[in-house]
Amino acid sequence: MENKTPFYDLIEEGLRNADSGLGDRSTYVGASDIGQCLKKSYLSKFEKEDFDFEQLLIFERGHVAEGIFIKGLENSPKKDAFSYRKQVEFVGQEKWSFLRTHLDLHVNFPHEDVAVEGKTFRTELPDGKPRLSWLYQNHIQMWLASESTGRKTRGIIAAIDLNTAKRHEFPVTFSEILLHQAQERALKLWNAMQTRTEPEGEVSDLCAYCPYKNSCSTLLKNGESLPEEVDAMLTQLKELSKAEKEAKVLRENIKAFMDAANIKRGIGTKHNAILMKSAGREKVSIETLKAQFPEVANVVIGEGEGSVRLKIV
Ligand code: SF4
């Protein structure tokens, strides 16, 4: 039978249908649920999440990063010094039995273990630091792992931008305070799940990627005040804008000189500059079209889609 499903529809359906390996998430609190907005975590457990292709790709990027780390460990010349397991599940004990973590990598050295949490990013991290949610997650991982194995366990968050190869390695120093905060959040979420009471949302820059953003009352209510991370991005953008303007002037000056001197490839001490000319695009004069071919103009001219510009004041 001929299959008329377009290729990417097929792929998207397959990705959506794939088993996450996380089981029924409404029956436990996962380490990754704790740091993010608790309302989002809560909703994701009880409401069917309708992920778009972009969101599905974000999940896949995580698996790709994990594959890269595993390949590196597997083929490391130092591999005799350690062993490792991937996607290891640790479950809390006694009153914490509702807590679970699926550790990306559990690396075992003779005297200690390392709980490695892999992350991918596409835009620079706020202040170049690991997100607090990652620290909570890694603390729960270190704690559950060492409770279960009885071994000393330290943490590492390995974040990578798969497009640019930019990477950060954040060694996580264990903090009783952070662990306590993470445990408190875990309890809060678990109680909300038990009583089926939606927790209050926590607005952050990540709301932009939240599947519930269009109907989230917390986000709509807090529409005007920017969350801390976005505020930090705005400050950074303002600083970079100055450099952007300076770069534009420098670019114009160099271009003007090379044009005047008829230089196509300028050789500098550290860098070279190449003048690249491209043919102009064909353009249509709306005025002429309207004046000379009004019937055609009526048919082909329509209202363009408006654009959104960000102005920093
Ligand atoms: S939009 Fe923001 S505040 Fe609302 S549920 Fe999503 S992450 Fe939480």
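Just so you know, ligand 1 is whichever comes first in the structure, and atom 1 is the first atom listed for that ligand.
Using cut-offs of 30° and 60° for the angle between ring planes, the F90 and H106 rings count as perpendicular. In this pair, W143 and W96 present their aromatic rings perpendicular. The plane angle is above 60°, beyond the 30 to 60° band.
Checked options R196, K188, E47; the residue passing with Y42 is R196 (criterion: side-chain contact (heavy atoms from CB on, under 4.5 Å)).
At least one side-chain heavy atom of F170 sits less than 4.5 Å from a side-chain heavy atom of L125.
Listed by chain and number, the protein atoms of type N/O/S under 2.8 Å from atom 6 (Fe) of ligand 1 are C210 SG; waters are omitted.
When non-hydrogen atoms are compared, ligand 1 lies under 4.0 Å from neither the backbone nor the side chain of Q36.
With no hydrogens or angles considered, a side-chain donor-acceptor pair links Q87 and E66 at under 3.5 Å. Side-chain N/O atoms of N298 and E295 include no donor and acceptor closer than 3.5 Å.
Aromatic pair H168/F121: centroids less than 6.0 angstrom apart.
The atoms of ligand 1 that sit less than 4.0 Å from any heavy atom of E202 are 3 (S).
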